[in-house]
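The chains referred to below are lettered A, B, ... by the order of the sequence lines, with proteins before strands, and numbering in each begins at 1.
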Amino acid sequence: MSIDPHDLISWFASAERDLPWRAPDVTPWQILVSEFMLQQTPVSRVLPIWPDWVTRWPTPSATAAATAADVLRAWGKLGYPRRAKRLHECAAVISRDFADVVPDDVDVLQQLPGIGSYTARAVAAFAYRKPVPVVDTNVRRVVARAVHGRAEAAAPSTKRDHADVGALLALLPKSDRAARFSAALMELGALVCTARAPSCAVCPLRSCAWRESGFPPGDAPKRPAQRYAGTDRQARGRLLDVLRNNEFPVSRAELDVAWPVDTVQRDRALASLLADGLVEQITDGRFALPGQDRNDSTASR
DNA sequence: AAAGCGTGGGT
DNA sequence: TACCCAAGCTT
């Protein structure tokens with residue numbers, strides 16, 4: 001059972017979304033920025049942010065020259081602000097150690113801050129047209145269904161990821177169409193072979209092990225889905241939102257009102273933000289985004 | 001290896 | 001209303 005690259009690529013030619021980071025003049029760095037933003041984040045939420053971002057900071061060195069505070073503010077409520085911090089660090093490394101040129105080698109890319117297996121492969125394939133398998137959640141799901149006949153991909157793990165790369169390598173066209181095949185596979189998972197309610201009636205694949213075995217259901221989830229309300233993550237988000245929205249450092253009391261009930265949880269969240277380098281405490285005891293201007297209206301007069 | 005890490009839209 | 005889910009990475 002296999003996926004015919006021709007079926008997929010001809011479907012992609014007509015179904016491909018017109019995403020701005022796919023335009024022909026987009027640089028490898030700008031593609032890398034899109035991949036950071038798209039980690040665990042829907043396309044619809046990246047769309048309004050990415051164009052302004054890459055206009056403001058078009059190169060690694062331009063990004064590295066900004067303060068972490070500016071980067072975190074531009075990131076806004078995209079989520080997982082550690083990604084913004086790592087993107088900033090990644091820019092500094094590329095600027096300093098790679099002459100401002102994004103590496104094209106998967107293993108080199110994967111050593112950079114915030115770049116794991118997926119992002120390294122995506123940059124190599126989509127920015128440099130290298131014939132490397134790109135394995136994301138969409139690809140795992142499409143392969144699980146079309147090739148292995150299962151409703152869902154197995155839980156991601158290092159070992160499982162390696163197997164997925166191997167399975168993909170066997171499918172990858174041995175030509176310059178490899179990168180396009182990977183993009184098409186991801187697009188199929190995003191638009192047709194979706195996690196819930198897949199549109200099998202319009203699927204371009206002529207063979208699919210899951211369909212041919214009668215759409216067997218997946219296993220019930222073993223662990224309960226995690227909630228968000230009341231978690232440390234939410235507390236961190238509230239605290240960081242206060243700092244993003246204040247041009248100048250804020251007092252502890254101003255942070256307290258952002259998470260007023262559970263003081264133990266608030267302290268834990270603040271400590272973890274400090275440990276992550278997403279927040280700094282300045283000498284007078286107030287808190288600020290890292291690298292932010294320490295002056296304020298009272299100190300400056 | 002499993003758990004932590006944001007946020008908001010869809011159902 | 002809850003819950004699911006979205007181009008993952010790090011420890």
Note to self: Here's a test of your reading of the structure: between Ser44(A) and Ser272(A), which maps to the more 5' nucleotide of DNA chain B?
What the structure shows: Ser272(A)
Notebook entry, point to check: Taking atom C1' in both dA6(C) and dA1(B), what distance in whole Å separates the two?
Noted result: 23 Å
Next item on the list: Measure the distance from CH2 on Trp50(A) to P on dA7(C) and round it to the nearest whole Å.
Entry: 18 Å
Margin query: Regarding Leu19(A), tell me which of base, sugar-phosphate or nothing describes its non-hydrogen contacts under 4.0 Å with the strands shown.
Written below: base
Check: Phosphate oxygens OP1/OP2 of dG8(C): is one of them under 4.0 Å from a side-chain N or O of Gln39(A)?
Finding: no
Checklist line | Distance, P atom - from dG6(B) to dT11(C), rounded to whole angstrom | finding: 14 Å
Check: Is the distance from OP1 or OP2 of dT7(B) to the nearest side-chain N or O of Tyr228(A) less than 4.0 Å?
Finding: yes
Notebook entry, point to check: Can you check whether Ala179(A)'s main-chain N or O pairs, donor with acceptor, with Ser182(A)'s side chain at less than 3.5 Å?
Noted result: no
Notebook entry, point to check: Any side-chain N or O of Thr41(A) under 4.0 Å from OP1/OP2 of dG8(C)?
Noted result: no
Notebook entry, point to check: Should Arg141(A) be listed as having a side-chain N or O under 4.0 Å from OP1 or OP2 of dA6(C)?
Noted result: yes
Note to self: For a quick check of understanding: with a heavy-atom distance under 4.0 Å over all strands, which category does Ser34(A) fall into, base, sugar-phosphate or nothing?
What the structure shows: nothing
Margin query: Any salt bridge linking Lys85(A) with Asp276(A)? Criterion: basic side-chain nitrogen under 4.0 Å from a carboxylate oxygen.
Written below: no
Margin query: In this structure, how many angstroms lie between the P atom of dG8(B) and the OH atom of Tyr80(A), rounded?
Written below: 13 Å
Note to self: Please classify the nucleic acid contact of Trp75(A) as base, sugar-phosphate, or nothing, using heavy-atom distances under 4.0 Å.
What the structure shows: nothing
Check: In residues 191-201 of chain A, which ones come under 4.0 Å of DNA chain C, going by heavy atoms?
Finding: Ala195(A), Arg196(A)
Notebook entry, point to check: Over how many whole Å does the gap from Arg22(A) atom CZ to dA7(C) atom P extend?
Noted result: 12 Å
Notebook entry, point to check: Any donor-acceptor pair under 3.5 Å between the side chain of Arg45(A) and the base of dG8(B)?
Noted result: no
Next item on the list: Evaluate the side chain to side chain donor-acceptor pair (under 3.5 Å) criterion for residues Thr41(A) and Arg83(A): first the C-alpha distance (whole Å), next the side-chain angles of each, then the deciding distance (0.1 Å), finally the verdict.
Entry: CA-CA 11 Å; Thr41(A) 304; Arg83(A) 290 182 295 164; 3.0 Å; yes
Next item on the list: Tell me what Gly79(A) touches on the nucleic acid: a base, only sugar-phosphate, or nothing, going by heavy atoms under 4.0 Å.
Entry: base
Checklist line | Distance (rounded to the nearest 0.5 Å) between Asp267(A) CG and Asp256(A) CG | finding: 8.0 Å
Notebook entry, point to check: Taking OP1 and OP2 of dT7(B), is either one under 4.0 Å from a side-chain nitrogen or oxygen of Arg244(A)?
Noted result: yes
Next item on the list: Please confirm whether the backbone N or O of Ser2(A) pairs with a side-chain atom of Ser207(A), one donor and one acceptor, at under 3.5 Å?
Entry: yes
Margin query: Can you confirm whether the side chains of Tyr118(A) and Gln39(A) place a donor and an acceptor under 3.5 Å from each other?
Written below: no
Check: Of Arg86(A) and Tyr118(A), whose nearest nucleotide on DNA chain C comes first from the 5' end?
Finding: Tyr118(A)
Margin query: With nearest nucleotide decided by heavy atoms, which residue, Ile115(A) or Ala190(A), maps closer to the 5′ end of DNA chain C?
Written below: Ala190(A)
Next item on the list: For Arg121(A) and dC9(C), give me the distance from atom CZ to atom P, rounded to whole Å.
Entry: 11 Å
Check: Regarding Trp21(A) and Gln30(A), is there a side-chain donor-to-acceptor distance under 3.5 Å anywhere?
Finding: no
Next item on the list: With rounding to the nearest 0.5 Å, note down the distance linking SG in Cys193(A) to CZ in Arg211(A).
Entry: 10.5 Å
Next item on the list: Please determine, for the side chain of Arg82(A), which listed nucleotide (dA7(C), dC5(B), dG8(B)) has the closest atom?
Entry: dC5(B)
Next item on the list: Mind calculating the distance between CH2 (Trp259(A)) and P (dG6(B)) to the nearest angstrom?
Entry: 12 Å
Margin query: With a 3.5 Å distance limit and no angle check, can you tell me whether Asp7(A) reaches the backbone of Leu205(A) through a side-chain donor-acceptor pair?
Written below: no
Note to self: Taking only the P atom of each, what is the distance from dA7(C) to dA2(B) in whole angstrom?
What the structure shows: 23 Å
Next item on the list: Can you tell me the distance, in whole Å, between the NZ atom of Lys85(A) and the P atom of dT10(C)?
Entry: 13 Å
Check: Taking atom P of dA3(B) as reference, at what distance in whole Å does atom CD of Gln40(A) sit?
Finding: 16 Å
Margin query: Among dC5(B), dA7(C), dG8(B), which nucleotide has an atom closest to any side-chain atom of Asp136(A)?
Written below: dA7(C)
Next item on the list: Find the distance Leu78(A):CG to dT7(B):P and express it as a whole number of Å.
Entry: 10 Å
